[in-house]
Amino acid sequence: MPVNFNNAEFILSAALPEQFIRDGRKQIAFAGRSNVGKSSVINRLVNRKNLAHVGASPGKTTQINYFLIDGRIYLVDLPGYGYAKVSKSERDRWGRLMENYFSSSGLLDLGVLIVDARHKPTVDDMTMCDFFRSNDCPMLIVANKVDKLKKSETEHNLELIRETLDLDETEILIPFSAEKGDGKENLLGQIKAFCG
Ligand code: GDP
């Protein structure tokens with residue numbers, strides 16, 4: 001039976017490594033700059049308005065949120081990064097949590113890196129991309145907010161994202177709109193194919 005993404009529940013928020021879930025189920029981690037639309041993408045995938053909290057005060061939550069899908073896989077919502085007004089102590093906390101998460105072997109099965117389709121990926125986006133790569137973690141890139149681009153701009157921007165993140169032709173970049181639903185079936189298909 002394919003995984004039913006309409007059957008999703010919030011499990012817990014982890015602020016400390018001891019709280020990371022290690023129960024053998026596959027974990028698909030979503031990463032992205034604050035405000036890129038990470039919560040909206042997750043909500044779109046599970047057909048819910050407010051499972052992941054949209055518009056949560058940017059950078060205020062240094063927590064990893066776990067959502068269980070169909071009792072079978074976890075969507076892991078990593079805390080957003082790159083919000084300018086965050087204090088140094090908060091940024092340090094973010095860094096420690098990420099290092100702990102990425103260095104805890106066997107937690108991460110697939111990374112979904114969400115970038116803004118309108119802009120060149122930021123240095124932080126590149127760092128996050130390298131986090132996934134250096135862990136030999138398979139990765140999907142999602143270019144969100146394509147609804148804000150003219151058709152003629154989309155192709156150019158996708159190419160810029162590919163170049164900036166140094167994606168090779170086997171790496172998958174999915175144009176997406178959490179707002180309108182573009183790319184949803186593509187992303188779900190990739191995740192389901194991965195989960196087997
Ligand atoms: P997060 O901080 O990455 O979790 O971002 P949110 O999901 O809270 O979204 C930030 C803002 O971008 C909200 O106002 C969303 O309504 C908006 N947003 C998210 N995805 C899209 C999209 O695909 N298109 C448009 N136009 N707006 C979006």
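As the structure lists them, so they are numbered: ligands from 1, and atoms in each ligand from 1. Keep in mind that this is a model prediction, so the values were computed, not measured.
An N or O contact shorter than 3.5 Å is missing between Phe176 and ligand 1 by distance.
In summary, the atoms of ligand 1 found under 4.0 Å from a heavy atom of Asn144, numbered by their order in the structure, are 20 (N), 21 (C), 23 (O). Residue Asp147 approaches ligand 1 through these ligand atoms, each under 4.0 Å from one of its heavy atoms: 22 (C), 23 (O), 24 (N), 25 (C), 26 (N). Below 4.0 Å from some heavy atom of Val36 lie the following atoms of ligand 1, by number and element: 3 (O).
In this structure, Lys26 forms a cation-pi arrangement with Phe194, its terminal cationic atom sitting closer than 6.0 Å to the ring centre and no more than 45° off the ring axis.
Ligand 1 lies within reach of Ser177, whose nearest heavy atom is under 4.0 Å from it.
Side-chain N or O atoms of Arg118 include none that pairs as donor or acceptor with a backbone N or O of Val146 at under 3.5 Å.
A salt bridge is absent between Lys180 and Asp182; no separation between the charged side-chain nitrogens and carboxylate oxygens falls under 4.0 Å.
Residues Asp77 and Tyr66 bring no donor and acceptor atom of their side chains to less than 3.5 Å of each other.
Between Gln63 and Ala15, the shortest heavy-atom contact is CG-CB, 4.2 Å. Minimum heavy-atom separation, Ala31 to Leu78: CB-CD1, 4.1 Å.
Across Lys38, Lys145, Lys148, Arg33, heavy-atom proximity to atom 17 (C) of ligand 1 is greatest for Lys145. The option from Ser39, Ser40, Pro79 that lies nearest to atom 15 (C) of ligand 1, judged by heavy atoms, is Ser40.
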